> 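Have a look at this one.
Numbering starts at 1 and runs along the sequence shown. No experiment lies behind these values; they were computed from the predicted model shown.
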Amino acid sequence: MKLLLDENLPHQLRQELPGHDAYTVAFMGWAGVENGALLTLAALSDFDALLTKDTKLQYQQNLTNLPIAVIVLRAASNDIDDLRPLIPTVLRALTSDLPKTVTHIA
């Protein structure tokens, strides 16, 4: 899967997602782009899912019109050591055919 890591996630998370093509928002040149526009850009660039720590995204977007899947990571912080325990669940979720909805992983 082609994954986009939101700018609120650490760059080193890319290395924790074997078997997937993970890119950061910064690498794509999309830093500062608002969520709605970011989801549209990601879909137009053939991303399958956005990984984020933004728990408010589901309240800011019309979930019936999401162009790609969104995975919200719920951890104590965005430090890689706080996110690592979530990786096995993220990888399992990515093996399924993700719908264009928001999935929370805690």
Side-chain angles (χ1 to χ4, degrees):
M1 279 196 156
K2 187 174 177 184
L3 309 174
L4 181 63
L5 305 181
D6 202 355
E7 56 191 323
N8 58 17
L9 294 174
H11 176 82
Q12 59 266 50
L13 184 60
R14 294 177 61 247
Q15 311 309 323
E16 305 287 331
L17 302 165
H20 300 281
D21 295 324
Y23 300 83
T24 63
V25 167
F27 177 82
M28 296 301 297
W30 299 337
V33 175
E34 295 295 321
N35 286 335
L38 182 61
L39 289 168
T40 300
L41 282 171
L44 292 172
S45 298
D46 296 321
F47 282 93
D48 298 300
L50 169 71
L51 275 66
T52 184
K53 196 166 174 329
D54 184 355
T55 58
K56 296 178 184 174
L57 184 132
Q58 74 184 70
Y59 305 110
Q60 300 166 344
Q61 302 301 312
N62 181 350
L63 300 184
T64 60
N65 295 323
L66 282 177
I68 64 172
V70 175
I71 297 177
V72 178
L73 304 178
R74 293 180 172 230
S77 77
N78 64 351
D79 185 272
I80 191 67
D81 291 328
D82 287 334
L83 295 168
R84 273 195 186 107
L86 304 179
I87 299 303
T89 306
V90 170
L91 292 172
R92 278 193 301 277
L94 293 173
T95 61
S96 65
D97 186 26
L98 287 173
K100 294 178 182 178
T101 60
V102 177
T103 302
H104 293 268
I105 296 179

> Is any side-chain heavy atom of L94 closer than 4.5 Å to a side-chain heavy atom of L3?
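In short, these two side chains touch, coming nearer than 4.5 Å.
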> Less than 4.5 Å apart, any side-chain heavy atom of Y23 and any of K2?
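Sidechains of K2 and Y23: in contact.
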> Look at the side chain of K53 and the backbone N and O of L83, then say whether any donor-acceptor pair between them is shorter than 3.5 Å.
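Not confirmed, K53 side chain does not pair with L83 backbone.
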> Any side-chain heavy atom of P10 sitting closer than 4.5 Å to one from L5?
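The answer is no; the side chains never approach within 4.5 Å.
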> Run the side chain to side chain contact (heavy atoms under 4.5 Å, CB included) test against T89 and tell me which residues pass, sequence neighbours left out.
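T89 satisfies side chain to side chain contact (heavy atoms under 4.5 Å, CB included) with R92, I105 only.
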> Is there a side-chain contact between V33 and V25, using heavy atoms and a 4.5 Å cut-off?
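No - every pair of side-chain heavy atoms lies 4.5 Å or more apart.
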> To the nearest 0.5 Å, how far apart are CG in L4 and CG in D21?
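Here the interatomic distance stands at 12.5 Å.
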> Say you draw a straight line from CD of E7 to CG of D54; how long is it, rounded to the nearest 0.5 Å?
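Output value for this atom pair is 10.0 Å.
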> Just how far is it from atom CG of L41 to atom CZ of F47, taken to the nearest 0.5 Å?
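Answer rounded to 0.5 Å: 10.0 Å.
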> Can you tell me how far apart OG1 (T24) and CD (Q12) are? Round to the nearest 0.5 Å.
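Rounded to the nearest 0.5 Å, the OG1-CD separation comes out at 11.0 Å.
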> Measure the spacing between CD1 of I68 and OG1 of T101 and express it to the nearest 0.5 Å.
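Output value for this atom pair is 11.5 Å.
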> Give the table of side-chain donor-acceptor pairs shorter than 3.5 Å for residues 72-81, with sequence neighbours excluded, one pair per line with atom names and distance.
unit_1	atom_1	unit_2	atom_2	d
R74	NE	H104	ND1	3.1
R74	NH2	H104	ND1	3.4
S77	OG	D79	N	3.0
S77	OG	D82	OD2	2.4
N78	ND2	N8	O	3.0
D79	OD1	D81	N	2.8
D81	OD1	R84	NH1	2.7

> State, to 0.1 Å, how close L86 and A106 come at their nearest heavy-atom pair, and which atoms those are.
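Heavy atoms of L86 and A106 come nearest at CD2-C, 3.2 Å.
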